[in-house]
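In each ligand, atom 1 is the first atom listed, and ligand 1 is the first ligand listed. Keep in mind the model is a prediction, meaning the values are calculated, not measured. If you read the sequence from its start, that first residue is 1, and numbering goes on from there.
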Amino acid sequence: MRLALFGPPGAGKGTQSMLLKKRFGLDVISTGNLIREAIQEGTDVGRSVEKYVNAGDLVPDHLVRDLANQAMAEHKFDRFILDGYPRTTTQAKWLREFLDAYKAPIEAVISLKVSPEAVVDRLSNRRINKDTGESYHMIYHPPPSDLDPALIVRRSDDTPHAIKARIDVYRRETQPVEEFFRSEGILIEISGEGEVSDVFNRILSSIEHIAELELV
Ligand code: AP5
């Protein structure tokens, strides 16, 4: 099974990817996480992309493509969920060519629809456990009370300025990619609003035709 989760910042791509991972035993390939790891490790790629991420801009296409392609190859081109890739039309075309060469096309792109107000609420209330990467929402999914407060941090691009930039970039560069997936016949649009479990159930219903043989 090869899926992609698509949607604006804060749509719930990471949250839902983790639930799909648990349900189907799929690996999550998150270009955002790969980029943050590269920054933390201080690699050449990490050093060159930090300024884009902190400003809420997209990282240059070819750098993200290399990270994503390497991860898909490591997963032998199967049983993965792409989280946050592709997000430009150029990336989408490269991805199709790359996977076609291995006869391993993406089977469904799940596009999570959320209002701009929900995006701002979710990102401004998000906190991360800096040790485990676990994500919280200060109101709907607060960190456990026994967790050391020093471990609870805000992501560097969850500042008001970067959130606004990410939303603008999404509208300008990423949203148009939906048209590409629609024309390929693999776009599934669902509401990303409401309880996390409700969103997950909607996703499960929408991929029943792909998923029924692959439960683990
Ligand atoms: P990335 O890490 O992919 O960030 P993003 O797309 O902005 O998405 P987020 O991780 O912010 O949100 P999400 O949709 O995963 O939501 P989540 O589940 O965490 O990318 C970061 C940066 O890396 C980019 O800005 C760019 O610079 C670069 N980059 C990455 N990929 C790239 C690419 N392909 N090309 C170029 N550059 C790239 O949820 C958010 C919050 O909401 C959490 O607190 C969560 O607990 C809460 N929440 C989730 N679901 C619900 C719900 N149903 N109800 C209430 N709260 C909820």
Side-chain angles (χ1 to χ4, degrees), residues 4-21 28-40 45-46 48-69 71-72 81-92 94-95 109-115 117-129 133-143 152-159 161-175 177 190-203:
L5 280 183
F6 186 85
K13 303 181 293 294
T15 302
Q16 298 297 331
S17 296
M18 293 315 290
L19 294 175
L20 285 164
K21 174 185 167 130
V28 177
I29 299 175
S30 156
T31 43
N33 285 345
L34 292 172
I35 288 166
R36 280 185 289 277
E37 277 165 28
I39 293 172
Q40 209 163 11
V45 171
S48 67
V49 300
E50 191 166 11
K51 60 180 182 291
Y52 299 103
V53 175
N54 289 343
D57 280 337
L58 292 181
V59 165
D61 286 330
H62 67 283
L63 294 176
V64 191
R65 174 197 58 192
D66 293 349
L67 289 171
N69 285 3
M72 287 183 279
I81 308 161
L82 293 176
D83 165 7
Y85 182 82
R87 59 174 99 183
T88 64
T89 306
T90 301
Q91 291 176 17
W94 283 346
L95 174 66
V109 176
I110 300 156
S111 175
L112 298 174
K113 304 285 177 182
V114 292
S115 68
E117 294 75 24
V119 166
V120 172
D121 167 72
R122 290 183 186 182
L123 297 183
S124 42
N125 282 298
R126 174 166 53 191
R127 298 293 182 278
I128 305 288
N129 178 328
E134 194 175 347
S135 173
Y136 307 106
H137 184 288
M138 294 310 283
I139 298 161
Y140 310 123
H141 176 44
I152 304 168
V153 296
R154 213 185 250 265
R155 238 169 70 171
S156 64
D157 58 348
D158 278 346
T159 59
H161 181 76
I163 291 172
K164 184 182 177 312
R166 287 158 66 200
I167 294 171
D168 289 347
V169 166
Y170 174 78
R171 289 200 184 117
R172 204 173 53 242
E173 302 199 41
T174 304
Q175 205 164 21
V177 186
I190 70 155
S191 167
E193 304 237 4
E195 297 282 328
V196 168
S197 57
D198 291 340
V199 178
F200 186 55
N201 285 331
R202 275 177 227 138
I203 293 178

Colleague: Measuring from the heavy atoms of Gly10, does anything fall under 4.0 Å of ligand 1?
Modeller: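 Gly10: in contact with ligand 1 (<4.0 Å).
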Colleague: What do you reckon, does Gly194 put a non-hydrogen atom under 4.0 Å from ligand 1?
Modeller: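 The answer is yes: ligand 1 sits under 4.0 Å from a heavy atom of Gly194.
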Colleague: Ser30 versus ligand 1: do any nitrogen or oxygen atoms come within less than 3.5 Å of each other?
Modeller: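 N/O-N/O distance under 3.5 Å: no.
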Colleague: For Thr31, take its heavy atoms, then give the atoms of ligand 1 lying under 4.0 Å from any of them.
Modeller: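 That gives atoms 30 (C), 31 (N), 32 (C), 34 (N) of ligand 1.
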Colleague: Measuring from atom 33 (C) of ligand 1, which candidate in Met138, Glu134, Arg87 has the nearest non-hydrogen atom?
Modeller: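 Nearest option to atom 33 (C) of ligand 1, by heavy atoms: Arg87.
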Colleague: May I ask which of Arg65, His137, Arg155, Glu195 has a heavy atom nearer to atom 47 (C) of ligand 1 than the others do?
Modeller: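 Going through Arg65, His137, Arg155, Glu195 one by one, His137 has the nearest heavy atom to atom 47 (C) of ligand 1.
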Colleague: Indicate yes or no: does an N/O atom of Asp83 lie under 3.5 Å from an N/O atom of ligand 1?
Modeller: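 N/O-N/O distance under 3.5 Å: no.
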Colleague: With nothing but distance in play, are any N or O atoms of Tyr85 less than 3.5 Å from an N or O of ligand 1?
Modeller: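 No.
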Colleague: Please determine if Leu58 has a nitrogen or oxygen closer than 3.5 Å to a nitrogen or oxygen of ligand 1.
Modeller: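 Leu58 vs ligand 1: no N/O contact under 3.5 Å.
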Colleague: Please indicate whether any nitrogen or oxygen in Gly84 is less than 3.5 Å from any nitrogen or oxygen in ligand 1.
Modeller: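 N/O-N/O distance below 3.5 Å exists for this pair.
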Colleague: If we set the cut-off at 4.0 Å for heavy atoms, which region of Glu193 has an atom near ligand 1: side chain, backbone, both, or neither?
Modeller: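 Near ligand 1, Glu193 shows nothing, with every heavy atom at 4.0 Å or more.
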Colleague: Give the atoms of ligand 1, by number and element, whose distance to some non-hydrogen atom of Gln91 is under 4.0 Å.
Modeller: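 The list of qualifying atoms is 33 (C), 34 (N), 35 (N), 36 (C).
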Colleague: Going by the closest heavy atom to atom 51 (C) of ligand 1, which one wins out of Arg122, Glu173, His141?
Modeller: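 Going through Arg122, Glu173, His141 one by one, Arg122 has the nearest heavy atom to atom 51 (C) of ligand 1.
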Colleague: Looking only at N/O atoms, are Arg127 and ligand 1 under 3.5 Å apart anywhere?
Modeller: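 No; the residue has no nitrogen or oxygen that sits under 3.5 Å from a nitrogen or oxygen of the ligand.
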Colleague: Check this for me - ligand 1, Gly56, N or O atoms closer than 3.5 angstrom, yes or no?
Modeller: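 The answer is no, given that Gly56 and ligand 1 share no N or O pair closer than 3.5 Å.
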